[in-house]
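Remember, predicted model here, so these are calculated numbers, not experimental data. Residue numbering restarts at 1 for every chain, and letters A, B, ... go by the order of the sequence lines.
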Number of protein chains: 2
Amino acid sequence: MATVPPGDDRPTPAPRRLPDLHALELLVAVAQTGSLGRAAARLGISQPTASSRIRTLEKRLGLPLLQRATTGSQLTAAGVLVTDWANQVLEQADVLAEGIAALKSQLQGDLRIAASLTLAEHLLPGWLVAMRAHYPEVHVGLRVANSRLVVQALRQGEAELGFIEGPWTPADLQSLPVARDRLVVVTAPDHPWARRRRPVTGEELSATQLLLREAGSGTRETLERALRPWHGPSVPLLELGSTAPLRSAALGGAAPAVLSDLAVRDDLAAGRLVETSLAPGLDLSRTLRAVWPLEAELPAAAKHLLWIAQGGPAQH
Amino acid sequence: MATVPPGDDRPTPAPRRLPDLHALELLVAVAQTGSLGRAAARLGISQPTASSRIRTLEKRLGLPLLQRATTGSQLTAAGVLVTDWANQVLEQADVLAEGIAALKSQLQGDLRIAASLTLAEHLLPGWLVAMRAHYPEVHVGLRVANSRLVVQALRQGEAELGFIEGPWTPADLQSLPVARDRLVVVTAPDHPWARRRRPVTGEELSATQLLLREAGSGTRETLERALRPWHGPSVPLLELGSTAPLRSAALGGAAPAVLSDLAVRDDLAAGRLVETSLAPGLDLSRTLRAVWPLEAELPAAAKHLLWIAQGGPAQH
DNA sequence: GGCACGTCATAGAGTTTGCCTATGGCAACA
DNA sequence: TGTTGCCATAGGCAAACTCTATGACGTGCC
């Protein structure tokens, strides 16, 4: 079983001031309707409440957001920026809400999806949000399981659509690649590997004590397959049951960690973690696929979901 | 001046259920500390309050998030997913907070930045969040202005660092390209251009009535320069003063719109908008640059910011 | 085996926050 | 000049939230 760090009391992150999402939502509505009153109506609150909320928001931020007139209200320059940032927050909130709704429906949805953890965590909710624009009535049920169980769920008619990782595609299922996932070797910025220029070879990697997911996980399997020519990875320094503590350990800087690019993309962009380049012969990428029963005709919503998952109209 | 749609009462977006950010933050803290009590202490609230908050959250979501024991609390399977999604929301909230803080400081920061609208809107706050991890004490002041005014602010010592768009780099400033910005031609998915396969030529584009930003804006200038061989764009169907209503109009489907890829990236990924491919001769991209005075030595925080803006350790 | 420690849950009191209705002032337009 | 939207203010009510104090439960140590 995973060894979880007993109590992680590391550097207290500066206490963050959380925004009031209701106020942000209102601000966006005002921007769109051009009037506090109409925005209030859209959100189902009274006009004075809206007025007060925005005023409180302005006071808390210390910025004027609206230019009020008897003809309506318009965003100020600061308001434009804040509204834009607010929209990003609300969009993520939608992703969260969509994920939760799907998770809650689990087995009862109109469209039942079974997905591996990586996909369910990092990609699927976003796709569901996009799908909702076209199929607002479809209730999605999401079940999270490893690849083997996903396939089993499809065969037993417990799900209409599945998402799995890995090369493996059973013959009795249709499949469509939807994305790729790279495993990356990451270290804290102060780890020696962060400064090295020479790519890490398979031999080196297999000789290094790493931070890894537990045996049996898809991530671990991919690594083991890639390192098979060098007789697999050595005994891990630490073996963890899920991605989050693994990421924490890597941030701590003890050793290089191997995990999905999707899980640390933000950390890499922000420079909190550094990716170690790999020698050409070392391929840690894998394909993420949608799978569904051969004989089944996918419902329209599912087809649309696949279209989105593939990258929509323009494959980037 | 821009013509703003008088009152946009279009399709009422389904009322969204907004999450309680305080509860999400607490959940993340519990995941990290492994205990409700420690998490409460970290957030400066009492333990019963924490207990109650999480319980309320679980009730509202209809999902068990924590497995409580006398030794502490661990995330359930659902809790892992929710925590992950919650982290994304909180990260966007940080971006918002960082942007607001910088906007509020305006002229008083330790590090005063002047940036064009596109950069300030879509890129800079994220960079600032990343910077804060290493320089928590640095107060950033952000001033938003067009490229000419940014340069002027640097010359007059009113800012230490600037970010501008466009090819233009004055000789008395140092500059460093930090990103590229593509203008894209987008339509609603039901517009004829969404289905065409042949790329749009400069001739076609210049003959089409488009949705455009107002004359004088950086976006408009870039388009005009690119279409100069075809004598510039024709009279716009609608001319708008900022990006948001332009995007709305494009979603409405009246005509193709030309705007920054950064502003519609999400819409493209979600299939709400479709990008029209352009003929090879038609280049609507531009470089986004950091600029600062020749003689000046950049403060360490600014150097770090540039490092992040460039894509950090690994240029993706 | 018993005691101490840490965990989480419950109860009750006090305070704050937020909402709505009703009203007033102001500018634009007919 | 009257009418119609818009926003701001005031007052009263209700709900939500927080804290302190306490209880119950399992673990681990002596």
Side-chain angles (χ1 to χ4, degrees), chain A residues 1 3-9 15 17-61 63-76 79 83, chain B residues 1 3-9 15 17-61 63-76 79 83:
Chain A
M1 199 41 217
T3 313
V4 176
D8 179 356
D9 287 333
R17 187 112 208 90
L18 295 172
D20 174 2
L21 291 193
H22 288 96
L24 297 185
E25 185 184 35
L26 174 62
L27 179 65
V28 170
V30 173
Q32 287 174 351
T33 58
S35 139
L36 273 170
R38 276 199 295 270
R42 170 186 290 194
L43 299 189
I45 61 177
S46 77
Q47 173 267 320
T49 300
S51 177
S52 145
R53 258 198 217 167
I54 292 282
R55 206 160 270 293
T56 306
L57 181 65
E58 285 178 319
K59 193 153 287 176
R60 279 177 52 161
L61 302 190
L63 290 171
L65 301 174
L66 291 183
Q67 217 160 27
R68 294 142 173 96
T70 60
T71 64
S73 296
Q74 290 221 351
L75 293 177
T76 61
T83 304
Chain B
M1 197 43 216
T3 313
V4 176
D8 179 354
D9 288 333
R17 187 110 208 92
L18 295 171
D20 174 2
L21 292 193
H22 289 95
L24 296 185
E25 185 186 34
L26 175 62
L27 179 65
V28 170
V30 173
Q32 288 175 348
T33 59
S35 140
L36 273 170
R38 275 198 295 270
R42 169 185 294 193
L43 299 189
I45 61 178
S46 76
Q47 173 268 321
T49 301
S51 177
S52 145
R53 259 197 216 166
I54 292 283
R55 208 160 268 294
T56 306
L57 181 64
E58 285 178 319
K59 194 153 285 178
R60 281 176 51 161
L61 303 189
L63 291 170
L65 301 174
L66 291 183
Q67 216 160 27
R68 294 143 172 95
T70 61
T71 64
S73 297
Q74 290 221 351
L75 292 177
T76 62
T83 303

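- Taking only side-chain nitrogens and oxygens, B/Arg38 comes nearer than 4.0 Å to OP1 or OP2 of C/dT7.
- Between A/Arg68 and the phosphate of D/dC6, there is no side-chain N or O to OP1/OP2 separation shorter than 4.0 Å.
- In this structure, CZ of A/Arg55 is placed 9 Å from C1' of D/dC7, rounded to the nearest angstrom.
- For C/dG6, the OP1/OP2 oxygens have no side-chain nitrogen or oxygen of B/Ser35 closer than 4.0 Å.
- The CG-C1' distance, from B/Leu66 to C/dT7, rounds to 13 Å in whole Å.
- Once rounded to the nearest 0.5 Å, the distance linking CZ of A/Arg53 with CD1 of A/Ile45 reads 4.0 Å.
- Atom CD of B/Glu58 and atom P of C/dC8 are 12 Å apart (whole Å).
- No side-chain donor-acceptor contact under 3.5 Å links B/Ser52 to the backbone of B/Pro48.
- Looking at which nucleotide of DNA chain C each of A/Thr70 and A/Asp20 is closest to, the 5′-most match is held by A/Asp20.
- Mapping A/Ala69 and B/Arg60 onto DNA chain D via the closest heavy atom, the residue that lands nearer the 5' end is A/Ala69.
- Across residues 45-54 of chain A, A/Gln47, A/Pro48, A/Ser51 each have a non-hydrogen atom less than 4.0 Å from an atom of DNA chain D (numbered order).
- To the nearest 0.5 Å, atoms CG (B/Leu26) and CG (B/Leu43) are separated by 5.5 Å.
- Look at NE2 on A/His22: it is 13 Å from C1' on C/dC19, rounded to the nearest Å.
- Every residue two or more places apart in sequence or in another chain that forms a salt bridge (Lys or Arg N to Asp or Glu O under 4.0 Å) with B/Arg68 is listed here: B/Glu58.
- A/Ser73 contributes no side-chain N or O that, together with a main-chain N or O of A/Leu66, makes up a donor-acceptor pair within less than 3.5 Å.
- Looking at heavy atoms from C-beta onward, B/Leu75 lies out of side-chain contact with B/Val30 at the 4.5 angstrom threshold.
- Here the shortest heavy-atom pairing between B/Gln47 and B/Gly37 reads CG-CA, 4.1 Å.
- Atom-to-atom, CG of A/Leu36 to P of D/dG5 comes out at 17 Å; the value is rounded to the nearest Å.
- A straight line from CG of B/Leu26 to C1' of D/dT18 spans 14 Å, rounded to a whole angstrom.
- Mapping B/Thr71 and A/Thr56 onto DNA chain C by nearest heavy atom places B/Thr71 closer to the 5' end of the strand.
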